[in-house]
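Following: one structure in structure tokens, then a few remarks.
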Amino acid sequence: GTISSAAEKDSYTFTASADDGIIIRVRKTSGTLNAYFDLYAPTNTLIQSGNQINRKLTENGTYRIDVRDQANTATGNYILLEIGDCSLIG
């Protein structure tokens, strides 16, 4: 993906079940971007932020990942990796 302007975010969704395990990682591939993401529960509650998480999900439903620059000031390209019992939808 690409963050081409300050404060831009790219959103992705996936459907999962309670007790599904997931690993999410985001890495910069170019630019000055400090690749970071926020993971939101189906209730739109922020679960965790970072550049990598490894956790068990606690709810059934559609989760959202917002990829951004950590300080919302830099731009660049990134790769988002998701490994788990669920499917990522861009």
Side-chain angles (χ1 to χ4, degrees):
T2 301
I3 301 297
S4 56
S5 62
E8 178 182 336
K9 67 179 178 180
D10 292 346
S11 295
Y12 301 88
T13 60
F14 64 92
T15 302
S17 299
D19 293 326
D20 282 352
I22 189 165
I23 299 170
I24 304 170
R25 294 181 181 143
V26 65
R27 298 283 183 260
K28 172 184 81 168
T29 57
S30 68
T32 57
L33 179 71
N34 185 6
Y36 204 74
F37 66 85
D38 302 310
L39 175 63
Y40 291 89
T43 57
N44 207 35
T45 303
L46 179 63
I47 298 174
Q48 189 171 343
S49 297
N51 58 21
Q52 177 176 322
I53 65 166
N54 180 357
R55 68 177 301 134
K56 229 174 235 269
L57 301 174
T58 58
E59 300 176 49
N60 297 327
T62 301
Y63 289 76
R64 187 178 86 239
I65 301 168
D66 289 344
V67 179
R68 61 184 176 86
D69 175 64
Q70 185 174 10
N72 292 316
T73 57
T75 61
N77 295 320
Y78 65 88
I79 185 166
L80 177 66
L81 303 170
E82 175 266 332
I83 303 166
D85 301 321
C86 46
S87 299
L88 187 66
I89 302 167

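Because only heavy atoms are used, hydrogens play no part in the values below, and waters and symmetry mates are left out as well, while side chains stay in.
Atom CZ of residue Arg27 and atom CG of residue Leu80 lie 10.5 Å apart, to the nearest 0.5 angstrom. Between the CG atom in Leu81 and the CD1 atom in Ile23 there is a gap of 10.5 Å [rounded to 0.5 Å]. Of the inter-residue distances, the one linking Asp10 atom CG with Ile3 atom CD1 reads 4.0 Å to the nearest 0.5 angstrom. Taken from CG in Asp20 to OH in Tyr63, the straight-line distance is 8.0 Å, to the nearest 0.5 Å.
Residues Asn54 and Gln52 fail the side-chain proximity criterion, which asks for heavy atoms closer than 4.5 Å. Taking 4.5 Å as the limit, some side-chain heavy atom of Val67 sits within range of a side-chain heavy atom of Ile65.
Residue pairs that meet the salt bridge (charged side-chain N to carboxylate O under 4.0 Å, His left out) test with at least one member in residues 29-58, sequence neighbours left out, are Asp38-Arg68. Contacts classified as salt bridge (charged side-chain N to carboxylate O under 4.0 Å, His left out) and involving residues 39-48 (residues at least two apart or in different chains) are not found.
Phe37 and Tyr40 fall into different hydrophobic clusters, defined by Ile, Leu, Val, Met, Phe, Trp and Tyr side-chain heavy atoms under 4.5 Å apart, directly or through other members. With hydrophobic clusters built from ILVMFWY side chains whose heavy atoms lie under 4.5 angstrom apart, Tyr36 does not share a cluster with Leu33. The cluster map of Ile, Leu, Val, Met, Phe, Trp and Tyr, joined by side-chain heavy atoms under 4.5 Å apart, puts Phe14 and Tyr12 in the same cluster.
Shown are Asn44, Leu39, Ile47; of these, the side chain to side chain contact (heavy atoms under 4.5 Å, CB included) with Arg64 is made only by Asn44.
Between the side chains of Thr43 and Thr45, at least one donor N or O lies within less than 3.5 Å of an accepting N or O.
Partners of Thr62 by side-chain contact (heavy atoms from CB on, under 4.5 Å), not counting sequence neighbours, listed by chain and number: Thr13, Thr15.
The shortest non-hydrogen separation linking Asn60 to Ala18 is OD1-N, 2.7 Å. Across all non-hydrogen atoms, the minimal contact from Ala6 to Asn72 is CB-O, 3.6 Å. Considering every non-hydrogen atom in both Tyr78 and Ala35, the closest pair reads CB-CB, 4.4 Å.
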| request: Apply the test side-chain contact (heavy atoms from CB on, under 4.5 Å) to residues Thr75 and Ser4: give CA-CA distance (whole Å), side-chain angles for both, the deciding distance (0.1 Å), then the verdict. | output: CA-CA 5 Å; Thr75 61; Ser4 56; 5.6 Å; no
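Side-chain atoms of Asp69 come within 3.5 Å of backbone atoms of Asn34 as a donor-acceptor pair (strictly under, hydrogens ignored).
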